[in-house]
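Here is the structure we will look at.
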Amino acid sequence: MPTVSVKRDLLFEALGQKYTDEEFDELCFEFGLELDEITSEKEILSREQGDEKAEGASDVVLYKIDVPANRYDLLCLEGLVRGLQVFKEKLEAPRYRRVSPADGGEPQRLLITDETASVRPHAVAAVLRNISFTQERYESFIELQEKLHQNICRKRTLVAIGTHDLDTISGPFTYTAKPPGEIRFKPLNQSKEYTAAELMSLYKTDSHLRHYLHIIENEPLYPVIYDSNGVVLSMPPIINGDHSKISLNTKNIFIECTATDLTKAKTTLDMVVTMFSEYCEEPFTVEEAEVVYPDGRLCVYPELAYRTETLSGDFINKRVGISESAESIAQLLTRMCLRSEVSGEGGLIQVEIPPTRSDVIHACDIMEDAAIAYGFNNIVRSTPRTYTIANQLPLNKLTELLRQDLAAAGFTEALTFALCSEEDIADKLRKNIAETRAVHISNPKTAEFQVARTSLLPGLLKTIAANRKMPLPLKLFEISDVVLKDETKDVGARNNRRLCAVYYNKSPGFEVIHGLLDRVMQLLDVKPGRNQGYHIQAAEDSTFFPGRCAEIFSCGKSIGHLGVLHPDVISRFELTMPCSAIDIDIEPFL
Amino acid sequence: MADTGLLESLLRLLEKVDGGTDSQDVAADLGVDHQVIVGAVKSLQALGEVISAEQKSSKHWELTGEGREIAEQGSHEARVFNAIPDEGLPQNQLMKMPSGKVGFSKAMSNKWIRLDKAHEGGPRVFKTVETIEDAVRDKLQLVQKGQSAKLEDKEKNELKKRKLLSEVTVKSYWITKGSSFSTTITKQETELTPEMIASGSWKEKKFKPYNFEAMGVAPDCGHLHPLMKVRTQFRQIFLEMGFTEMPTNNFIESSFWNFDSLFQPQQHPARDQHDTFFISDPALAQQFPQDYLERVKKVHSEGGYGSQGYKYDWKIEEAQKNLLRTHTTAVSARMLYKLAQQEKFTPVKYFSIDRVFRNETLDATHLAEFHQIEGVVADYGLTLGNLMGILHQFFTKLGITKLRFKPAYNPYTEPSMEVFSYHEGLKKWVEVGNSGVFRPEMLLPMGLPEGVSVIAWGLSLERPTMIKYGINNIRELVGHKVNLQMVYDSPICRLDS
């Protein structure tokens, strides 16, 4: 969930009202936000880098507010204030307009060349005219781009935003892709020119930019945007040029978004311009820009599309569980920036979805907004009349019953991890990893998560190793799932419910584990015997001490092993005493 | 146990005295060592209220070894005096006597003897008086008879200096009759035996009282794991509420069922390598319900069912990627799809409690795997109010009655609500679960009828267990680093109390 950091006093000033922390927290809760932390730059610095570094830092109170991941329109102070003011009916949601250049001028134009197709094929653009920045507005503008980059833009993989001082460059602009050696420009905040190849190595150590290099690093052509004089605007998604950088004094801003996902690019552009057109000479207007595709197709951006959905008050009432008039529902929706009107017969509501609400893609999203505006906690709680008979999963029912009786038999239940290292299920058990039918994890952060376990035994032995101070004997069991590759399953693997128990003492206690098997079979109502019953017979298994291992058969089918563990297994789990164990599949007993 | 004869002698003695007696006097009277009497007193005490004895300490004077020798044989000076015949004794001969040296100088200073140094044949010792009074011996004999009180402190200290007397502290008992005093001894039994029951002799016996302050002997038994005890209770609650258990025994899931079927877009951050464990072997899932897969693809990339969709290029390769399921909702999706294939829809209530996996940063409260509790209800016309109502009932069974709901975001539910409960201890609202109504874009491609709503909620099993059992570090609860003593000691689980 993205967190937006805003200065409290600035926020309250914009809201035209002072709140106590509790009151503001309450407002957030109602609206679906979370006041996560109240802090200051000084406090953050002192926590992260120590008191010394924090010396002299600002102690202006900051609110850190958690915003739902799909509400890109709340990622900056401007958007938050607009959303809350409309919610509190102190403000009418603004109408965002795309306008042609003043005095009949030509719109800015961005030409996309063929070469971009292989690396980053889409681009959209727009212009903000006669904007007035203050220090705070400027910072918020930069911060919003960063938040969008981290969220909807998926760390710039899907979309990258570039903003430029339009008065320093001249269109038409060209979005193309070139070999890294052929791109050369002075990047943002650097004092000299670099080739794209040099930049990639320069930024290898940059704490911020290095995270984006991988997006184009291995591409033969890098994306780049030029103006008509050959000035580099940006090399997306890495860095802008220094030449066109914006400042506090910038009046006219050219915004481009390059992308691998066109829908997201349009949304991103809409977010930037809807949020900051507030500061234009004519607020909430955005000057159009033209994008020409290689095939000659011409698109005008930003789209700033309004869409109208029609739904009935009855639909909302039935889904939420309230009974409001259509008019009242329209009013609720209007408070959520979804301007709504009741029209015609049957109480149909026309709901207008503004470009800021890209999260509204279905009537159910509108229904949720009505419920939020109504107040979740004002809805009457009622029990559904759904009549059903409960059933237990037979496998879990058997597991529950066996667990109880294994504890009654003097064994204590362990709860071990389903993930472990290859070593745990192979080397330490004196098995070859290839024979284990183990499922392997491709991206483990540590060796603890290399495979899904194929046996419960390693977990139990590790549990004993961690509890060597406890009085002997230690008698442990676990009934849980292991995972095995199985080609007959859609995903190529299946779980298998196993029962495993160990006895750890100064003597191996084979008879104790054998007795436990007899008890388990008694509980499962399987009698000793060769054919219809169960029996054990000598077997060789590398995990066990030679001559001290038997295979367990039930109704003629092998279900597992029991025996005295091999001394090497014992020492590999850092144990010192003899140990016997049983490991059986309980699924045949369903 | 001291012998019964001695005990009874002691009791008879006690019978005769009023107000009690000192164990030292008893020892003197019975002519046995004091320690034996102390043993007898302890034996009698163990019999209950026969006697009462109060320990006290007293000081008294006692002869040293040398003191006893003098009390018997006289003082050294007296022995020297008595050894001298009328005609005297040569000094060198006298000095050879055992008491010679000390006795000579003391007798000299008492002026009982004289030394004639000029006597022919060497120095010779002569008596100067006819008879002597051996005061040292007399005094020691007084002490020996227990009459040390007749001596003055100065005299006693003088004798102590000569190492003939010593002052000793004696611990003794002041013995009085007890509330059930008797001069005969009934031996107390420690335990009831089969023989006593058979013969009826238990009726006459007295039994040694138990020490009820001591702990009992721990039973030799096995124990269930606390997290599993809590799981059992949650299962019970769902069963009480009429919920059927889902088959969640499939840790490996395809991205299709874990994400795509839930209308979670393929670029969603949760599908990142940083959050999810992907499988390298078997890397890809091979079979999908083909028609359904096409509908899922369409709703993601183009929309439909009244939805705008996400409008992106949906890829089967992404859906095929196997992973360790990140939520049991993947199983709910399979179950709802199965339900949709029924000829006629029937309402269902499903639940599951099983492991899920996240490739997250680990800390004191987060592990890479944990148990998710999930409840799902599918029926015609379910409302958001119904979801709140059922959550209220569910949490009431956990002993949580004060609930409120916060709007939230979840890719596959709309509306989505975080469930908060008021924590009396912390005096604030804390999040206890997540809930929502499944999106039509998830349900309709499955083939569920249009009017059917599906409400669901989830929470972790570990968090309520840690709160219930007061555990701060999750590793002490889950995994091999568990503290077995904690498992042994953990009480039964009743979530509503």
Side-chain angles (χ1 to χ4, degrees), chain A residues 29 32 68-70 154 158 261 263 319-321 361-365 368 371-372 376-377 379-384 386 388 390-393 395-396 403 406-407 409-413 415-419 439-443 449 452 459 462-463 466-467 470 481 483 485 490-493 495, chain B residues 221-225 227-228 239 242-245 247 249-254 267 273 277-282 285 287 306-308 311-312 322 347-349 355 368-369 377 379 382-386 388-390 392 404-409 414-415 417 439-440 478-482 484 487:
Chain A
F29 192 96
N70 62 344
R154 299 291 298 117
L158 301 183
D261 180 323
T263 311
R319 295 286 168 140
V320 179
I361 57 175
H362 191 277
C364 69
D365 298 303
E368 178 181 63
I372 292 173
F376 276 8
N377 296 295
I379 298 168
V380 176
R381 299 169 191 186
S382 57
T383 309
T386 310
T388 52
N391 283 305
Q392 301 186 51
L393 186 73
L395 182 61
N396 290 357
R403 286 174 54 240
L406 281 179
F411 282 73
T412 290
E413 186 174 33
L415 177 70
T416 66
F417 296 128
L419 307 184
V439 165
H440 291 255
I441 294 165
S442 65
N443 56 334
F449 312 120
K462 290 201 279 187
T463 306
N467 284 279
M470 297 297 290
D481 286 346
V483 182
K485 280 199 279 185
D490 59 346
V491 297
N495 282 22
Chain B
C221 61
H223 310 264
L224 292 173
H225 191 282
L227 191 79
M228 296 292 97
L239 293 171
F243 282 66
T244 286
E245 195 168 26
N249 53 330
N250 59 324
F251 295 165
I252 310 300
E253 191 52 276
S254 61
Q267 314 87 343
Q273 298 273 324
F277 286 114
F278 286 92
I279 303 299
S280 57
D281 179 23
Q287 302 152 32
S307 176
Q308 301 290 309
K311 298 189 176 124
Y312 70 97
N322 275 335
V348 295
K349 290 194 281 205
R355 295 184 198 235
E369 53 187 275
V377 185
D379 200 354
L382 294 174
T383 68
L384 196 56
N386 285 155
M388 293 175 175
I390 207 158
H392 177 72
R404 66 173 188 163
F405 302 93
K406 174 177 161 292
Y409 169 66
E414 189 81 10
M417 306 190 299
R439 293 190 71 99
V478 182
H480 56 268
K481 287 181 182 149
V482 66
L484 278 180
V487 176

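Reckoned from all heavy atoms, side chains included, excluding hydrogens, waters and symmetry mates. Letters go in sequence order (proteins before strands), and every chain restarts at 1.
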By side-chain hydrogen bond (donor to acceptor under 3.5 Å, both in side chains), A:Arg381 pairs with (sequence neighbours left out) none
Quiz item: Are any non-hydrogen side-chain atoms of B:Tyr312 and A:Leu158 less than 4.5 angstrom apart?
Solution: no
So, the part of B:Val377 with a heavy atom under 4.5 Å from chain A: the answer is side chain
The interface call for B:Val487 against chain A, heavy-atom contacts under 4.5 Å, is side chain
B:Lys406 side chain reached by A:Ile372 side chain, heavy atoms, under 4.5 Å: no
So, the part of A:Asn70 with a heavy atom under 4.5 Å from chain B: the answer is both
Mark yes or no for whether A:Gln392, through its side chain, and B:Glu245, through its backbone, hold a donor-acceptor pair below 3.5 Å. no
Ranked by heavy-atom pairs below 4.5 Å to chain B, first place among A:Leu395, A:Leu406, A:Val380, A:Ile441 goes to A:Ile441
> Side chains of A:Ile379 and B:Phe405: closer than 4.5 Å at any heavy-atom pair?
Replying inline: no
**Message:** Using a strict threshold of under 4.0 Å (side-chain N to carboxylate O), is an ion pair present between A:Asp261 and B:Lys311?
**Reply:** no
The side-chain hydrogen bond (donor to acceptor under 3.5 Å, both in side chains) partners of B:Tyr409 (sequence neighbours excluded) come to none
Checklist entry - Where does the angle between the aromatic ring planes of B:Phe277 and A:Phe449 fall among parallel (under 30°), tilted (30 to 60°) and perpendicular (over 60°)? => result tilted
